[in-house]
Structures are given as structure tokens and as C-alpha cells.
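Values in this document were obtained by computation on a predicted structure and should not be read as measured data.
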Amino acid sequence: MDKLRSMEVMVAVVDAGSFAAAASRLEISAVMVGKHIQQLEAHLGARLLQRSTRRHSLTEVGAAFYEDCKRVLEQVRWAESAVERSRAAPQGLLRVSAPVTLGSHTIAPLVAQFLLRYPKVRVDLQLTDGVADLAGEGIDAAVRIGRVADESLVARPLRPYRMMIAAAPAYLQRHGSPQSAADLARHVCLSHSVWQRRTEWTLHEGSQSYQWPEQARLTCNHGDGLRRAALAGLGLVMQPEVLLADDLASGQLVAVLQHCSPPARPVHLVYASDRRQLPKLSRFVTHVLRAIGLPPR
């Protein structure tokens, strides 16, 4: 029995919420995940998980064991990293988390450049709009949009996250260009489906505030889908500058209402302070800051 591997599987099951999700994360079968849990329970002589047809929940013993497993695995990672810290050249696996749109359009190209520069490094880039648990998921560094609430993390400021409102020239020829936020009521607005549940973007014009219209001709749960609809001339789109930048530069989209676009949100590269001395992480932090970091105040 590989106790450390079984402990890693146990933590993955709890963090992922199911055997299937843990299996996907660990790249093993769900059956193998179940065997690891069974071996642990047999070895310990205690039930760790309460199983039902739909979900798994921790027993009281399992909850305590889960926390101990996380601490042990972190100590193992730290022991392994001690060897790496003694080497001059960055090498090994670097796990990075980033939001989907910003990650695919900005961070992924930076990762590619980094890997070309350091051939002994491997990167696991995870694109998700959820907030990654760095310690619990073994993430070395994460890019986060918005305020960083965890004071235990080092947070290095990056280029702010700006939203742009734009439309194709063909649409503007048919409907005219909106001159104020109030004009949105008579335009075709393309909306992200998340906004229907959590209106996130507010336009400010003078003393007035306007919400991006919820009654949209098209809603989509992916920004690139809305971008492509805008390129086809369907309507106005409000999406991150990083997603629309190439289309705006080529003239396929035209920016409108720039005076009342939502305020830019802060972006940070975050990591645990005790991992900064790892060569692979320190070089990656430097690489990202040189490309999109903000100068010190």
C-alpha cells in the first residue's frame, strides 16, 4: 500500500467532491480511487467517508484525517522542493491557476515563452473562474481578479482588468452608435448568462448608474461566443479588453461608450511566501511581472 498516494487520493476526493472528479484530477480511474479509499479505511480500521448514491461526506474521523493528510502532503512537497532549491537552474513541475479569459489570452502565451526559456520546467496551467486553494490543490501561483483577501499570500499587482463595449461596423451602420448609457435601451445587447443571476457590471455616466440590460437578444455563458456574435454584426458586446483587443486593432470591432465603461478591476499574481525561493517559481514571477506587472508605487 502506497500510503502517501492513498492520502493524496483522499484529499483529492474531498476537494473535488466525488470519486469521478478526483479520478479526472489525478488521471486515474474512479475504480482505483475507490480502492485507495478502501485500503486506507482497512489500514486505519475506521470509516472515513459516508457514501450515498449522489454524494460523499466525511465522517468525524475522516474530517480529522483529511486535515492531517493535507499537512503531511504539504510537508512532503516542501521536502521535495528543498532539493530543487539547491539547484541553480529551474526545473520540475510548476502548477499555475488563472481565470479562463485572462488565462487563455494573456497567461498561456507567457507560460509558453517561459517554457521555451527553461526547458527543464513543466507547467500545469489550470484555467478556471473559481478561486483556487493554493495549499489544498498544490498550486504554486495563481492569477486573481479583484481584491486579494488572503493576507497570508504574497500579491504582486498586474495590469488591471478592463471591460470594453464594442460592436461591428456593420451593426453601427444599421443602428447608429450609442452616445450615452441610456441609449442601450434601444440597442441589441449581447449578455453573459452569469449576469442574469449576478449583475456584475455597472456603467457610470455623471451621477447616473446604468446596469447592462438583462433582457438581451442573445445570452451566452462564454465570452468568446458573445465576441463572435458581435463580429457577425448582431449587437453590442461588453467583454474584457484582452478578449477584444485584436478585433479592435483590426477594425473588425469598434469601441463605443468608452467614457462610461465599468471601472477596471485589480489583478494580482499570488503565491505563498514560503515558496518564493523555489527557482521555478521565482523565475516565473519575474517573467510575468516583466511582461504585465505594474511598476512599484
Side-chain angles (χ1 to χ4, degrees), residues 96-112 125-132 139 141-148 157-172 175 177-178 181 183-185 187-204 209-270 288 291-292:
V96 180
S97 173
V100 175
T101 299
L102 181 60
S104 59
H105 288 269
T106 302
I107 304 304
L110 290 177
V111 166
L125 177 60
Q126 301 176 15
L127 301 183
T128 172
D129 288 329
V131 178
I139 302 295
V143 176
R144 290 184 179 172
I145 300 173
R147 187 176 64 88
V148 178
L158 303 179
R159 191 179 301 155
Y161 197 65
R162 305 182 191 280
M163 299 295 285
M164 301 286 290
I165 303 172
Y171 172 85
L172 297 176
H175 298 275
S177 180
D183 292 342
L184 292 176
H187 277 271
V188 178
C189 294
L190 314 177
S191 181
H192 200 291
S193 56
V194 171
W195 300 350
Q196 309 306 304
R197 301 187 302 272
R198 187 185 72 239
T199 301
E200 202 167 299
W201 302 108
T202 301
L203 281 63
H204 298 281
S209 296
Y210 300 86
Q211 304 285 37
W212 187 255
E214 292 191 13
Q215 294 299 319
R217 182 83 184 279
L218 170 68
T219 60
C220 181
N221 67 343
H222 197 278
D224 193 56
L226 296 170
R227 166 186 163 266
R228 292 180 183 275
L231 287 169
L234 181 59
L236 298 171
V237 67
M238 180 165 61
Q239 281 298 299
E241 182 180 23
V242 294
L243 177 62
L244 306 181
D246 290 343
D247 301 319
L248 293 169
S250 67
Q252 294 184 82
L253 290 178
V254 177
V256 298
L257 298 178
Q258 296 185 66
H259 65 284
C260 57
S261 295
R265 299 173 69 188
V267 180
H268 294 89
L269 178 64
V270 301
V288 172
I292 57 173

Close side-chain approach of Leu190 and Cys220, heavy atoms under 4.5 Å
no
Under a 3.5 Å cutoff, is there a donor and acceptor pairing between the side chains of Thr128 and Gln126?
no
Heavy-atom nearest pair, Ala168 first then Ala230, reads CB-O, 3.2 Å
Return the set of residues passing ring pair (Phe, Tyr, Trp, His ring centres under 6.0 Å) with His222 (not counting sequence neighbours), or none when no residue passes.
none
Closest heavy-atom contact between Ala181 and Leu257?
N-CD2, 4.1 Å
Please report the closest heavy-atom contact between Ala166 and Leu244, naming both atoms and the distance.
CB-CD1, 4.3 Å
Assess whether side chain to side chain contact (heavy atoms under 4.5 Å, CB included) is satisfied between Met164 and Gln258, documenting all intermediate values.
CA-CA 7 Å; Met164 301 286 290; Gln258 296 185 66; 4.3 Å; yes
Hey, is CG on Asp224 packed in by over 12 heavy atoms from elsewhere, all under 6.0 Å?
yes
Atom OG of Ser209 and atom NE2 of His204: how far apart are they, to the nearest 0.5 Å?
4.5 Å
Arg144 (side chain) donor-acceptor with Ser97 (main chain) under 3.5 angstrom
no
Is any side-chain heavy atom of Val288 closer than 4.5 Å to one of Val143?
no
I need the Leu236 CG to Arg217 CZ distance, nearest 0.5 Å.
13.0 Å
Calculate, to the nearest 0.5 Å, the distance between atoms CG and CG belonging to Leu172 and Leu253 respectively.
9.0 Å
Tell me the closest heavy-atom pair linking Arg147 and Pro266, and the distance in Å.
N-CG, 4.3 Å
Nearest 0.5 Å, please: how far is CD1 in Ile107 from CG in Leu158?
6.5 Å
Using 0.5 Å steps for rounding, measure from the CE atom of Met238 to the NE2 atom of His192.
11.0 Å
Given 3.5 Å as the limit, does a donor-acceptor pair link the side chain of Tyr161 with the main chain of Leu102, or not?
no
From Leu203 atom CG to Ser261 atom OG, the distance as rounded to the nearest 0.5 Å:
6.5 Å
Just by modelled atom types, is the Asp247 backbone N or O under 3.5 Å from a matching donor or acceptor in the Ser250 side chain?
yes
Return yes if some donor-acceptor pair links the side-chain N/O of Arg159 with the main-chain N/O of Ala291 below 3.5 Å, else return no.
yes
Contact check, side chains of Arg265 and Pro160, non-hydrogen atoms, under 4.5 Å:
no
Might you point out which heavy atoms bring Ala141 and Ile139 nearest each other, and give the distance in Å?
O-CG2, 3.2 Å
Taking every non-hydrogen atom, the tightest pair across His268 and Gly146
ND1-O, 3.8 Å
